[in-house]
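Please read the structure below before turning to the comments.
What you see is a predicted model; the values in this text were computed from it and never measured.
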Protein chains: 2
Amino acid sequence: MAPQQDRPRGGRRRASHSMESVLTEAVALLDEAGEPALTFRALAQRLGGGVASIYWYVASKDELLDRATDHVIGAALADIEALPSHDDPIDDLRAMAVSLFDAIMERPWLGAYFMRNTDVQGNALRLYEKLGQQTLRLDLTARQRFHAVSAVVGVVVGSAIDLGQEPPQEVLDGAVGRDEFLGRYAQAWRELDPADFPFVHEIVDEFDGHDDIEQFRSALELTLAGLRLQAGA
Amino acid sequence: MAPQQDRPRGGRRRASHSMESVLTEAVALLDEAGEPALTFRALAQRLGGGVASIYWYVASKDELLDRATDHVIGAALADIEALPSHDDPIDDLRAMAVSLFDAIMERPWLGAYFMRNTDVQGNALRLYEKLGQQTLRLDLTARQRFHAVSAVVGVVVGSAIDLGQEPPQEVLDGAVGRDEFLGRYAQAWRELDPADFPFVHEIVDEFDGHDDIEQFRSALELTLAGLRLQAGA
DNA sequence: GCATCGTATCGAACGTTGTTCTATCGTAGC
DNA sequence: GCTACGATAGAACAACGTTCGATACGATGC
């Protein structure tokens with residue numbers, strides 16, 4: 001038997017990364033199975049390199065998540081900047097909010113990390129700026145503008161987190177459809193005492209098989225209606 | 001030298017827990033330093049018992065988090081149910097939303113776990129019911145009522161997550177005050193190009209030293225105004 | 001009194017994670 | 001050819017969630 005070689009004859013290739021490739025693969029892992037799937041070991045394997053190499057690009061997992069978040073916010077921002085402009089600034093605000101909501105819905109993990117990342121040089125600031133520029137076209141005070149933008153972002157991210165949470169394993173597996181999943185809750189609610197839960201009984205049919213996007217749209221319309229009222233338009 | 005005894009003379013007392021004590025201590029740990037502080041080992045030490053004992057009460061950390069969340073939502077619900085009633089259902093909705101917001105602000109970790117816990121037998125359902133009952137007093141369709149409640153909850157939780165995120169370590173330590181912390185961002189923003197960031201410059205003075213609660217209140221008012229408009233009152 | 005059974009507890013161990021340490025490779029500049 | 005430095009990597013560490021097997025405690029049946 002030939003003696004084992006410490007190094008294979010061909011010599012194992014050293015991997016060569018880049019900030020771009022690290023973030024791209026990190027996002028890919030997050031997209032596939034959420035935050036628990038993003039481990040340094042899984043990421044290193046994807047990159048074909050060692051675990052410690054990643055630490056040359058980021059100082060910690062927190063920073064990796066921050067940079068990955070900013071990375072995809074950049075893409076969402078590009079979508080928003082490509083949007084056509086309307087006469088009515090509130091129509092623009094709505095279009096931007098919907099676009100942002102769609103981006104977060106495609107990446108359920110994004111919502112949770114969206115907020116804690118208001119870094120000054122980040123894309124989040126540019127996003128705020130883009131939304132805020134629409135409020136400059138409305139007859140509002142500076143304070144009202146400040147509050148309006150955070151209200152719109154709050155509705156988007158609040159809804160996205162609420163609606164985009166990972167469904168239980170059985171739905172992800174495809175073993176149980178989303179409608180059936182909702183239906184179970186609906187059924188349980190129908191069996192509650194109507195005297196104790198009049199509201200739940202009132203809306204259970206609406207809940208059963210409801211559309212997430214419509215729910216968000218509705219919340220957004222309430223905020224925009226309030227804003228329009230405030231602007232006196 | 002006396003021979004070592006395997007068991008100390010007095011016999012080490014076995015700890016005796018209860019679901020209540022486990023949840024209470026778990027919440028105490030969460031309150032002190034957020035989710036990372038809640039480890040099974042730290043919790044066991046608090047309870048004066050072993051690590052594995054906790055698994056008799058909960059099957060996993062996820063379940064522990066869920067039960068702890070439901071535990072404090074129960075307290076928040078009690079506060080809300082103790083609220084005096086107004087003639088105007090929207091005033092009631094506002095009071096409830098503010099009360100809920102306050103409860104979440106006192107526990108920054110709560111916001112993140114609030115959503116993923118719409119268990120049927122949970123306090124979250126009772127909370128939805130309580131909010132929803134106010135919409136029954138408004139002239140709305142069932143679908144509008146359903147959307148109204150999720151909009152209000154979305155504003156509350158969205159704002160709470162946004163505003164309640166743990167500030168960086170230096171602020172927690174008290175080394176840097178909150179105002180100074182905000183001021184740094186404000187200063188950095190003031191140095192941006194006004195041509196590229198007109199909105200940021202417009203609101204930077206509002207942001208500097210702003211009050212979180214007022215920001216939430218403002219977002220809530222927009223939604224409630226939209227709701228009032230929808231109800232035609 | 002004694003065996004029995006289900007409840008409740010505990011220490012030790014396992015596998016995985018983020019992170020650090022130390023050593024090494026490869027290339028640009030001299 | 002040598003050096004300096006940017007970049008990579010394997011091995012080790014501490015901490016975490018979780019599991020396992022053993023064991024104490026109290027009530028129950030005889």
Problem - Non-hydrogen side-chain atoms of B:D208 and B:Q187 separated by less than 4.5 Å - result: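 Answer no - side chains too far apart.
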
Residues, nucleotides or ligands: over 12 heavy atoms within 6.0 Å of [X] [atom1]:
| X | atom1 | result |
| --- | --- | --- |
| B:Q45 | CD | no |
| B:E63 | CD | yes |
| B:R217 | CZ | no |

Practice task
Without swapping roles, check the side chain of B:H17 against the backbone of B:G49 for a donor-acceptor pair under 3.5 Å.
Solution key: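 Answer holds: no.
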
Choosing from [options], which nucleotide comes nearest the side chain of [X]?
| X | options | value |
| --- | --- | --- |
| B:K61 | C:dC10, D:dT18, C:dG18 | D:dT18 |
| B:S16 | D:dC16, C:dC10, C:dT9 | C:dT9 |
| A:Y55 | D:dT8, C:dG18, D:dT23 | C:dG18 |

How long is the line joining [atom1] of [X] and [atom2] of [N], in whole Å?
| X | N | atom1 | atom2 | value |
| --- | --- | --- | --- | --- |
| A:L43 | C:dT17 | CG | P | 12 Å |
| A:E63 | C:dG18 | CD | P | 15 Å |
| B:I54 | C:dT9 | CD1 | C1' | 11 Å |
| B:Y57 | D:dT18 | OH | C1' | 18 Å |
| B:F40 | D:dA15 | CZ | C1' | 14 Å |
| B:R14 | C:dC10 | CZ | P | 6 Å |
| A:M19 | D:dA7 | CE | C1' | 14 Å |
| A:R41 | C:dG18 | CZ | C1' | 7 Å |

Handout entry: Contact under 4.0 Å: A:H17 side-chain N or O vs D:dG6 OP1/OP2
Key =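 For D:dG6, OP1/OP2 do not have a side-chain N/O of A:H17 under 4.0 Å.
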
Practice task
Establish, with yes or no, whether the OP1 or OP2 oxygen of C:dC10 is under 4.0 angstrom from a side-chain nitrogen or oxygen of B:S53.
Solution key: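 For C:dC10, OP1 or OP2 has a side-chain N or O of B:S53 closer than 4.0 Å.
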
Practice task
Give B:L38 one of three labels, base, sugar-phosphate or nothing, depending on what nucleic acid heavy atoms sit under 4.0 Å from its own.
Solution key: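 Counting heavy atoms under 4.0 Å across all strands, the contact made by B:L38 is with sugar-phosphate only.
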
Practice task
Could you check B:A59 against A:A15 and say which one's nearest nucleotide on DNA chain D is further toward the 5' end?
Solution key: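 Its nucleotide being nearer the 5' end, the pick is A:A15.
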
